[in-house]
Amino acid sequence: MKNYDHNIIEKKWQITWTKNKVFTSIEKYNEKKYYCLVMLPYPSGTLHMGHVRNYTIGDVLARFHRMNGENVLHPMGWDAFGLPAENAAIANDIHPAIWTKKNIICMKHQLKSLGISYDWEREVTTCNYEYYKWNQWFFIKMFEKGLAFRKTAKVNWCKTCNTVLANEQVINGKCWRCSQYTEYKNLKQWFIKITNYADELIQDSQQLSGWPNQVIAMQNNWIGKSIGLEINFKLTLSQYTLKIFTTRPDTIYGVTFIAISQEHNLLKEVECYIKNYDEIMNYISKNKMQQTNNEYKDTAGIMIEGIKAINPINGNEIPIFIADYVLIDYGTGGIMAVPAHDKRDWNFAKQHNIPIIEVIKNNNKSILYKPYEGDGILINSDRFNGLTSSQALAKISKLLKDTACGKQVINFKIRDWLISRQRYWGTPIPIIYCNICGMLPVPVHELPVILPKDIKFSTKTSTLKTNKSFINVKCPKCQQNATRETDTMDTFIDSAWYYARYCDPKNMKSVFNSDKVNYWMPVNQYIGGIEHACMHLVYARFWYKVMRDLELVKTSEPFSNLLTQGMVTLNGKVMSKSKGNTVSPDKIIKQYGADSLRLFILFAAPPQKQLDWTIEGLQGCRRFIKRLWNLFYIINVKAKSTATVNEKVKIVQLMHTTIKKVTYTMQSSFKFNTAIANIMELVNSLYVYQSKSNDCKTSLEVYKTIIILLYPFTPHICEELWEMLGYKTNLSYYTWPSYNCNVVKNDFIDLPIQINGKVRGTICIPIEASQELIKQYIISNNKIATYLKNKTIIKFIYVKKRIVTIVIK
RNA sequence: GGGCAGGUGGCGGAAUAGGCAUACGCACAGGACUUAAAAUCCUGAGAUCCAUUUGGGAUCGUAAGGGUUCAAAUCCCUUUCUGCCCACCA
């Protein structure tokens, strides 16, 4: 018996696959394609177990679909721009390009040692100008369409990273990269008009039946569509009309104050009428002093004295407050406050002694202690009393619209995508500023605008601003001296369209060939972490729609199916470098083999769930692989033949049901853990059968099937055993086995007999037995018959091929 | 606070459409092989109690409580706990 030496076997097959270009994919326009995509990694240094899990899952599917006769695209690349490279440059005095390249080489080597079946000829690296040139090209296209624009805005600023952040990169007031509190700054920045597509992104999410509901819910919540009424409130003394946005016009009789944001331009407009103007300005400036967005005070605010708002529905005069909880950049920056039926309004009213008027009846619960935010029957609402909330909402809305006091509007939570970064390591924004001609895009034939290599790195200014030869340029229109934009693009742009570039990665003339893209796209299966539910996946969906409107692609959604894999933990805690609880894939592969690692990662939990790393579990998987290996050497050893015909039937039948279950897993459920368990059972059964039978033919047939079924999970050992069995062809394209549950006729089944809810025994009956016959079997079974002695049978239920239930008295 | 997911042995986790709960694996115990250990192979095992010469038997059991049903981990109601995401979005 030869020893199982994973190091030799795995290396051998990895070299064979590469040498024979086994996984190189080309367009075959008349063949069914399968595009399997995993989220491209940031080249941070080395692979972690999360990567291993992600890419192993993808590999299982890619390998299965190849065996299923589909033309598979399974590419890999590098999300290579970004801050860590620059931070490493500052800390270790190494250029980001060199640092990144070094990491890519290391991680690529690791991926190969895992035996992932990528088509490396399609490798994409986003920091290469061959790639980011097309970022710039897209930017110019969007600029021309008005989708990319520049404006001054209050932006989130991270002092530590020395750059702006998009809203969604600020988590609980902290920078998503360095976890420091951010602050606000007013700056001129580049934005992309994702809001133009907000409605479509929500609409089309309904088509994403292959996505987890959770992700769709998260995205829709993040985009945050809300339909409501913009209502005009006239003011006393002034001609100024204050607009507010509400989704609850049915509560308008309960309005007891108006609240506006401190940035609201009402203050300037009616300054002369405001009695406590100085006090208000004082309040605001004090507020600004302490303004980082790390905390909010839900009841802070100040009343504007000397002017009131008039409720358009009943003419009541109500006070106006500046309230910290009202946001300037949502809706109109002002609200009608209904403390009886809104928690925030209620808290504010309590704090400032504002009356609370109940207008929606809530079954016997008092609003003295808690606002009621649900629907109900209207009270204190004049002629609308007695209507339900929804009836009143329609009627009041109509009245306000008819009297020109209101109009229907739709608001979104999502803001335009802030893409400028004041950093070096990113795609330069291809814009030139000329004193004479103004702001101009770089002409397309001059692309790419290459990121210069010579930059001084320091914590203060790691930007292109320090590079004079980059900045100074001639105006493309008038040829006078001009300057380049020095901001670079958010790296989420790189990953918003990379999946399309894989379809034609070496194209130098255009972003990609449309025949190729339209053959491969959309991605059949996308796999990655749930942490990208909102940012990356929304940007990618948005970008794809822009590409569609540029007539580059024909469909509207890039990813048909999405699998979000769970985290890998150690003792229930996330593995991270800072916690020092990481497990290195390299060491594991060396000691136990890539096949064992892959098998454990797939077996320990269903892919969507959290996976806790245990070395004992890994060792168990290695033990199984060795059992499979040893089986090769005992399969031809003749045993004394004690196996019955029935046992042969059973093992063949088990083989077919295993094929069925594993196939189902691969096609739809992705519960690889149970598929592997099923194969383990078959191996266990084969051990037992082999020890009893000299029927080598059957054993060999089952063994061969096991190897094929296991191939997507543990490809190296399967290739090796396949070769040892005498097959010359590569297993990668060997046809996946079909199953036939009727291939062996089983005439008898074991049927459990339940009496008064308890299983009292099992009988073996002909599969087509009638109820009468079954009764006879039961009576002739001594054990079961005892329970029926001297009892009356009240009910006799036979669920075909499943169970018999008898109720007795 | 809102939304989603979930609670099954010592542990990770199984269980088509309501039909034998705990598959598979880990850890554990016993045995075989061995000078010994490792490795390997075989066997056992939800809990409690009873009976043990062999064979076994009873009760309880899928977070807790209730309901529907011949039959519930699965369906319905109430309670509770955990995880994740979102959170001044009017």
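Chain A is the first sequence line, chain B the second, and so forth, proteins listed ahead of strands; every chain is numbered from 1.
- Of the candidates A/Phe624, A/Phe672, A/Trp613, A/Trp613 is the only one forming a ring-ring contact (aromatic ring centres under 6.0 Å, His included) with A/Phe600.
- Side-chain atoms of A/Thr299 and A/Asn347 form no donor-acceptor pair, as typed in the model, at a separation below 3.5 Å.
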Paired and unpaired positions of RNA chain B as dot-bracket, Watson-Crick or G-U wobble under 3.5 Å, | denoting a partner strand: (((((((..(((......[....))).(((((.......))))).(((((.....)))))..(((((..]....))))))))))))....
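- B/G3 atom C1' lies 15 Å from atom CD of A/Gln219, rounded to whole Å.
- With P as the reference atom, B/G44 and B/G65 are 33 Å apart, rounded to whole Å.
- If you check distances only, the side chain of A/Thr674 never reaches the base of B/G13 with a donor-acceptor pair under 3.5 Å.
- Between A/Tyr703 and A/Phe632, the ring-plane angle classifies as tilted under the 30° and 60° cut-offs.
- Taking the P atom of each, B/G25 and B/U79 are spaced 42 Å apart, rounded to whole Å.
- Considering only the side chain of A/Asn673, B/A14 comes nearest among B/A14, B/G12, B/C26.
- Each of A/Phe245 and A/Lys609 was assigned the nucleotide of RNA chain B with the nearest heavy atom; the assignment lying further toward the 5' end belongs to A/Lys609.
- Comparing atom distances between the A/Val799 side chain and each of B/G19, B/A90, B/C24 picks out B/G19 as nearest.
- B/G83 takes the anti form, because its glycosidic angle lies more than 90° either side of 0.
- Under 3.5 Å, the side chains of A/Asp416 and A/Thr195 contain a donor-acceptor pair of N or O atoms.
- When distances run from any side-chain atom of A/Val807 to the nucleotides B/C88, B/G13, B/C70, the shortest one goes to B/C70.
- Look at the P atom in both B/C81 and B/A63: the space between them is 16 Å, to the nearest Å.
- If you take atom P in B/U40 and the same atom in B/A27, they sit 10 Å apart, rounded to whole Å.
- Remark: C1' of B/C85 and CG of A/Asn220 are 14 Å apart, rounded to the nearest angstrom.
- For A/Ser226, a side-chain nitrogen or oxygen approaches OP1 or OP2 of B/A90 to under 4.0 Å.
- Of the candidate nucleotides B/G13, B/C88, B/C20, B/G13 has the atom nearest to the side chain of A/Ala605.
- The aromatic rings of A/His536 and A/His532 sit perpendicular, their planes meeting at an angle over 60°, well past the 30° parallel limit.
- Atom CZ in A/Phe713 sits roughly 17 Å away from atom P in B/C24 (whole-Å rounding).
- Between B/A15, B/C24, B/A58, one nucleotide has an atom nearer to the side chain of A/Met680 than all others, and that is B/C24.
- When rounded to the nearest whole Å, the span between CD1 of A/Ile806 and P of B/U69 equals 21 Å.
- A cation-pi contact, defined as under 6.0 Å to the ring centre and within 45° of the axis, is absent between A/Lys225 and A/Phe412.
- Under 4.0 angstrom from either OP1 or OP2 of B/A90 there lies at least one side-chain N or O belonging to A/Tyr330.
- Taking the P atom of each, B/A17 and B/C76 are spaced 15 Å apart, rounded to whole Å.
- Atoms CG (A/Asn221) and C1' (B/A5) sit 16 Å apart, rounded to a whole Å.
- A/Ala217 comes within 4.0 angstrom of nothing in the nucleic acid, heavy atoms only.
- Distances were taken from every side-chain heavy atom of A/Pro606 (C-beta onward) to each of B/A14, B/G12, B/A23; the shortest belongs to B/A14.
- The separation of B/A14 from B/U53, taken at their C1' atoms, amounts to 38 Å, rounded to a whole angstrom.
- Between B/C77 and B/G3, the two P atoms lie 15 Å apart (nearest whole Å).
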Audit row: A/Glu647, A/Lys692, salt bridge (charged side-chain N to carboxylate O under 4.0 Å, His left out) steps and yes/no: CA-CA 10 Å; A/Glu647 280 169 320; A/Lys692 284 184 177 178; 2.7 Å; yes
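- Computed from coordinates, the A/Arg802 CZ to B/U16 C1' distance equals 7 Å when rounded to whole Å.
- Between A/Lys795 and A/Thr762, it is A/Thr762 whose nearest contact on RNA chain B lies nearer the 5' terminus.
- Between the side chains of A/Asn411 and A/Ser226, not a single donor N or O lies within less than 3.5 Å of an accepting N or O.
- In this structure, CD of A/Gln214 is placed 15 Å from P of B/G83, rounded to the nearest angstrom.
- A donor and an acceptor atom, one from each side chain of A/Tyr325 and A/Asp345, are located under 3.5 Å apart.
- Contact annotation: A/Asn213 does not reach the phosphate of B/C4 (side-chain N/O to OP1 or OP2, under 4.0 Å).
- In this structure, A/Phe233 and A/Met336 have side chains that are in contact, with non-hydrogen atoms separated by less than 4.5 Å.
- Neither OP1 nor OP2 of B/A90 sits under 4.0 Å from any side-chain N or O of A/Lys243.
- Rounded to whole Å, the separation between the C1' atoms of B/G12 and B/C49 comes to 31 Å.
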Evaluation steps, salt bridge (charged side-chain N to carboxylate O under 4.0 Å, His left out), between A/Arg248 and A/Glu373: CA-CA 10 Å; A/Arg248 290 294 300 273; A/Glu373 297 186 313; over 6 Å; no
Criterion side-chain contact (heavy atoms from CB on, under 4.5 Å) on A/Leu599 and A/Ile625, from CA distance to verdict: CA-CA 9 Å; A/Leu599 193 67; A/Ile625 288 174; 4.1 Å; yes
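- One can place CG of A/Leu602 at 16 Å from P of B/G25, the figure rounded to the nearest angstrom.
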Between the protein and nucleotides 40-42 of chain B, which nitrogen or oxygen pairs come in under 3.5 angstrom?
unit_1	atom_1	unit_2	atom_2	d
B/C41	OP1	A/Arg627	NH1	3.0

